[in-house]
Amino acid sequence: LGRAFAAGDPHNKAFLDGQGLRIALSELGVRGHSREEKDSISEVVKEAAACGHVNFFDFVFQIAPKAELLLQEVRSPKLHAEFAAYDPSNLGRIGPQACLSALQRHAESDHNGLDQETANAFWKGFVHDFHEIYKGVRLGDGNVDFSGFLELAKIVDTERAEFQHHSERRAAMLGGIPAHVEKQHFGELAHLRRFFVAHDAGETGAISAPRVLMALLESGVLPPVGDGFERAMRHFETFEESQHFKFADFLSYVTKHREEEVAVRRAVIQSALLNPKWECPVSRDDLPVLVVETGLFTDCAISVADVGQIVEDENKDGADSFDFQEMVELLGKVAETARSQGREREGEVGRHLGISADEIFEFRIQFAMLTGTGAIGPAEVRDILKEVNKEVDPDDVELDALIDEVLEQVSHVVMATAKKDSERPERMTSIRSAFGNRATLTGKSKLSFEGYLVLLGMLVSD
């Protein structure tokens, strides 16, 4: 600080004018690169100059800290917004609990490749150590300013990356996978292994063919209806019951089905881009519309708003538009997320209705025989009723009324599940939103697989 002040005061006047203050700040490394950064420094210099000459103590204790803080705010607008959200009085400092909440908001806004369960495990450990970490950056009054918050955010990012690395290495070791397979799937090993382990009740490190199919469905890698699902069904039906598959085998199927999905996505997107309505690059606002209009995710039975939310979540770099290859890659992640969320919702409904995971899987196979789009309408519902009672022959009005009644029951199931799961409100909010879009996806009332499960439950009770 003394050398910086001296650089701005070459004539030893013991004060700095405007030009000298710029030189001194630059000597400290407080210099702007972008126009916005330069403007923030100019603002500090003008305010100081308006108050007269700046002596050494003013420079050390007021001007330099203020300039550094403004520059930090400009360079980290997202972090500053998270900090400011917990500083409503604009005091420039927040307490430990508010700081922890702001850091959690920061961590949740960028999962950095962590699936939700891994992210939750990381955060639980960070909260345990937080108060010791906080002591290193807090001010004399026990609060933390934005500079301290930046330091804590860096610690969160670093420790989260280390946690992910250790989780991936552990998953690779426990799964006994070769190095080249580990490298190919690094970053998602812990996530994928969780689906595999869920079906390894005996902890043998291997699961049967039907269990592999169930794990592929739950991970979102395999579509639940359509040609891809039918091919997978035929393939796994060729294996004996005694045939079991290790985690490395499961990963090979993940790769295989992803390659099939890529080929389908490329063809659909290429065809869509022939329409003058769409031009590359496609904006992130238009991408969800393109997806729904092309029927790319019909098996997910989700709306434009649903797709848009998942696109935002998976768009880690915050890109505003996407070229052809970027769309192909991003929409692969979006599809798997949408499908995995769908399987989780189905599990919630099944548990509420007293249906086991194995029974849900059997019903899933039956449902796939009824539709290739992930939803059934009046015609399919009529066929289901006739399977139960051949004498039944409802008209269209009665079928529409029944579908509406099922959708109402689905809503009740969601609310009942929400009460049981009150500790995860963000989870239930997404479920309520998803169910709320089911009734009018195509302008007519239809049932997704969740509705199909509720319909079966109503028929059994009747």
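Throughout, numbering of the chain's residues begins at 1 and tracks the sequence.
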Verdict with reasoning, Ile269 to Val282, per side chain to side chain contact (heavy atoms under 4.5 Å, CB included): CA-CA 11 Å; Ile269 295 173; Val282 176; over 6 Å; no
What's the shortest heavy-atom distance between [X] and [Y], and which atoms?
X      : Y      : result
Ala215 : Phe250 : CB-CE1, 3.6 Å
Glu241 : His244 : O-CE1, 3.7 Å
Glu168 : Ala190 : OE2-N, 3.0 Å
Ile403 : Pro378 : CD1-N, 3.8 Å
Gly354 : Glu359 : O-OE1, 4.1 Å
Gly175 : Phe247 : CA-CD2, 3.9 Å

Partners meeting side-chain hydrogen bond (donor to acceptor under 3.5 Å, both in side chains) with Arg266 (sequence neighbours left out): Gln325
For Tyr253, side-chain hydrogen bond (donor to acceptor under 3.5 Å, both in side chains) partners two or more places apart: His235
Could you grab the distance from atom [atom1] of [X] to atom [atom2] of [Y], nearest 0.5 Å is fine?
X      : Y      : atom1 : atom2 : result
Arg231 : Leu222 : CZ    : CG    : 9.5 Å
Gln270 : Met327 : CD    : CE    : 10.0 Å
Cys99  : Leu152 : SG    : CG    : 5.0 Å
Arg234 : Glu230 : CZ    : CD    : 6.0 Å
Phe361 : Gln366 : CZ    : CD    : 11.5 Å
Asn120 : Trp123 : CG    : CH2   : 11.0 Å

If we only count heavy atoms from C-beta on, is the [X] to [Y] side-chain gap below 4.5 Å?
X      : Y      : answer
Ile384 : Ile376 : yes
Phe126 : Phe122 : yes
Leu287 : Leu331 : yes
Glu362 : Ile365 : yes
Ile355 : Val349 : no
Val144 : Glu151 : no
Pro224 : Arg343 : yes
Gln341 : Cys300 : no

If we ignore hydrogens and angles and just use 3.5 Å, is the side chain of [X] paired with the main-chain N or O of [Y] as donor and acceptor?
X      : Y      : value
Asp87  : Gly92  : yes
Arg339 : Ser219 : no
Ser167 : Phe163 : yes
Arg211 : His199 : no
Ser340 : Glu336 : no
Asn275 : Ala272 : no

Within residues 369-389 or reaching into it, pairs that qualify as side-chain hydrogen bond (donor to acceptor under 3.5 Å, both in side chains) - sequence neighbours excluded: Thr371-Thr373, Arg382-Asp396
Side chains of Glu405 and Gln409, donor plus acceptor under 3.5 Å: no
Polar contact flag, side-chain donor to acceptor under 3.5 angstrom, Asp286-Ser283: yes
Residue pair Glu314, Arg284: steps toward the salt bridge (charged side-chain N to carboxylate O under 4.0 Å, His left out) verdict: CA-CA 11 Å; Glu314 295 297 334; Arg284 67 180 181 185; over 6 Å; no
Trace of the side chain to side chain contact (heavy atoms under 4.5 Å, CB included) decision for Val197 with Ile207: CA-CA 9 Å; Val197 170; Ile207 59 178; over 6 Å; no
Audit row: Val454, Leu353, side chain to side chain contact (heavy atoms under 4.5 Å, CB included) steps and yes/no: CA-CA 8 Å; Val454 171; Leu353 297 175; 4.2 Å; yes
Could you tell me whether [X] and [Y] have a side-chain N and a carboxylate O separated by less than 4.0 Å?
X      : Y      : value
Lys154 : Asp157 : no
Glu329 : Lys333 : no
Glu450 : Arg345 : yes
Glu261 : Arg258 : no

Ser303 vs Asp306, side-chain hydrogen bond (donor to acceptor under 3.5 Å, both in side chains): CA-CA, chis, key distance, verdict: CA-CA 5 Å; Ser303 68; Asp306 294 327; 3.2 Å; yes
Audit row: Phe449, Phe367, ring-ring contact (aromatic ring centres under 6.0 Å, His included) steps and yes/no: CA-CA 7 Å; Phe449 183 62; Phe367 184 77; 5.3 Å; yes
Verdict with supporting geometry, Arg105 and Glu108, salt bridge (charged side-chain N to carboxylate O under 4.0 Å, His left out): CA-CA 5 Å; Arg105 189 183 207 179; Glu108 291 175 348; over 6 Å; no
Trace of the salt bridge (charged side-chain N to carboxylate O under 4.0 Å, His left out) decision for Lys135 with Glu132: CA-CA 5 Å; Lys135 289 178 183 178; Glu132 284 301 315; 3.0 Å; yes
Check against side-chain hydrogen bond (donor to acceptor under 3.5 Å, both in side chains), His185 and Thr255: CA-CA 9 Å; His185 292 281; Thr255 300; 3.2 Å; yes
Heavy-atom neighbours of Gln243 CD exceed 12 at 6.0 Å: yes
Parallel, tilted or perpendicular: ring planes of Phe195 versus His191, cut at 30 and 60 degrees: perpendicular
Parallel, tilted or perpendicular, as decided by the 30° and 60° cut-offs, for the rings of Phe83 and Phe149: tilted
Leu385 and Leu399: CA distance, side-chain angles, deciding distance, side chain to side chain contact (heavy atoms under 4.5 Å, CB included) verdict: CA-CA 10 Å; Leu385 295 177; Leu399 286 170; 4.0 Å; yes
